[in-house]
Amino acid sequence: MSGSVLVVGGGIIGLSCAFEAARRGYKVTLLEPDRIGGQASGAAAGMLAPFSENTEQPDAFFQLCLSSLKQYPTWVNAVEQHSGISVEWINSGSLNVFQHEADLLPVQSRLRWQNKWGARAEFVEGSALKGIEPNLSQEAIAAIYYPEESHVYAPKLVEALEMACRNLGVTFFERAGDIQSIELIRGGGVSLLTSRLLEEVRAERVIICSGAWTGMYEKWLDISIPIHPIRGQICSYEGSLEEVRHMVFSSQAYWVGKKEGRIVCGASEDVAGFETSVTERGIKRLIKSSERWFPFFSGRQTVHQWAGLRPATTDGLPLLGAVGEEKSVIMAAGHYRNGILLSPITALLVGDLLDGRSQSASLLPFSPYRFTYACNN
Ligand code: GLY
């Protein structure tokens with residue numbers, strides 16, 4: 001069992017960790033209770049947008065997001081090389097658009113701190129804005145342009161990572177059923193039982209990447225894991241990269257043009273337990289925003305509507321780190337709105353934990369123990 005690693009969760013984070021562990025020579029098994037990429041990952045718009053998603057300050061989370069963005073070129077290259085599948089990475093840049101003069105008050109301080117961190121962001125308005133995003137409504141009075149932000153096609157990234165893992169010899173247990181128990185074996189190793197597999201699965205180390213479902217491990221790991229699902233409803237239209245040239249963020253929605261002739265519009269944030277259906281209200285709000293910010297959408301029907309569950313912790317930060325005396329459990333969960341962006345850095349950090357390489361203090365804010373200590377103090 002030397003060097004054996006069990007990854008639980010076949011979303012983008014689980015696949016990325018499995019890929020990285022396999023690349024580093026571990027014998028990897030990936031177990032997914034349901035369908036590979038069936039939850040938040042498959043539902044994502046694939047935005048790599050640390051500046052648009054973090055507008056307040058350069059805190060530890062922003063820095064994690066930024067270092068992950070910097071890993072993307074090498075990461076995508078490795079995934080594409082190992083899989084032979086393009087993840088449709090588009091360096092579109094993004095626009096954060098504003099409608100009211102009052103919205104512009106915090107813009108200068110945002111530009112100042114973000115440009116210190118390499119955003120190369122610019123304030124654009126009037127004819128300059130019209131010139132770079134011609135179909136935006138006249139209601140958009142100004143925008144911040146982020147040339148460094150980009151996007152991938154999330155379902156392709158899932159497909160490519162799965163293929164890369166298979167090519168590296170990862171064993172897959174898909175539709176393995178619910179996790180029934182996980183036991184830390186004295187002296188090292190873990191054993192996991194599911195409702196569908198007839199035998200327990202054993203490995204030296206386990207990486208828990210169960211997204212919104214990660215809270216269930218509280219009872220076995222004896223730590224507090226406050227992760228809950230936040231539903232994101234999303235829809236897409238037929239449309240071209242010419243019609244929406246950048247990723248465009250407004251305060252109510254965002255739009256991302258994809259290569260296969262779709263424009264994705266997301267995403268609501270609501271609490272609906274583990275429900276992944278869309279609601280008329282949720283989709284109507286996206287349609288209304290689309291027609292307001294891009295009048296050409298008026299009368300155009302959505303071609304697809306779906307929802308995914310973002311795994312949110314109560315402080316908004318992911319859980320990244322080892323658990324247990326033997327450090328046989330590694331948590332990589334709770335990436336909330338940024339799972340696609342954070343997949344390379346998460347996989348690299350998890351790979352370093354597996355290798356026993358010392359972790360920098362920068363992982364402390366993401367400690368899986370932080371909620372347990374807070375409860376006990
Ligand atoms: N990252 C975008 C979203 O979660 O909707």
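Read the numbers this way: they start at 1 and go in the same order the structure lists the ligands and their atoms.
The six-membered or imidazole ring of Trp75 lies near that of Phe19, with a centre-to-centre distance under 6.0 Å. Ring centers of Phe62 and Trp113: under 6.0 Å apart, within the cut-off.
Taking the ring centre of Phe172 as origin, the terminal cationic atom of Arg166 falls inside the region bounded by 6.0 Å and 45° from the ring axis.
Checking side-chain atoms of Glu149 against main-chain N and O of Ser94 turns up no donor-acceptor pair under 3.5 Å.
Ligand 1 places these atoms under 4.0 Å from at least one heavy atom of Ala267: 5 (O). Listed by number with element, the atoms of ligand 1 under 4.0 Å from a non-hydrogen atom of Tyr254 are 2 (C), 3 (C), 5 (O). Under a 4.0 Å criterion applied to the non-hydrogen atoms of Met47, ligand 1 contributes the atoms 1 (N), 2 (C).
Using a 4.0 Å cut-off between heavy atoms, Glu53 contacts ligand 1 through its side chain alone, with no backbone atom that close.
Counting protein heavy atoms only, atom 4 (O) of ligand 1 is closest to Arg310 NE, 2.7 Å. At the top of the distance list for atom 1 (N) of ligand 1, counting protein heavy atoms only, stands Arg337 O, 2.7 Å.
Counting heavy atoms from C-beta outward, Phe61 and Asn54 have side chains that approach closer than 4.5 Å.
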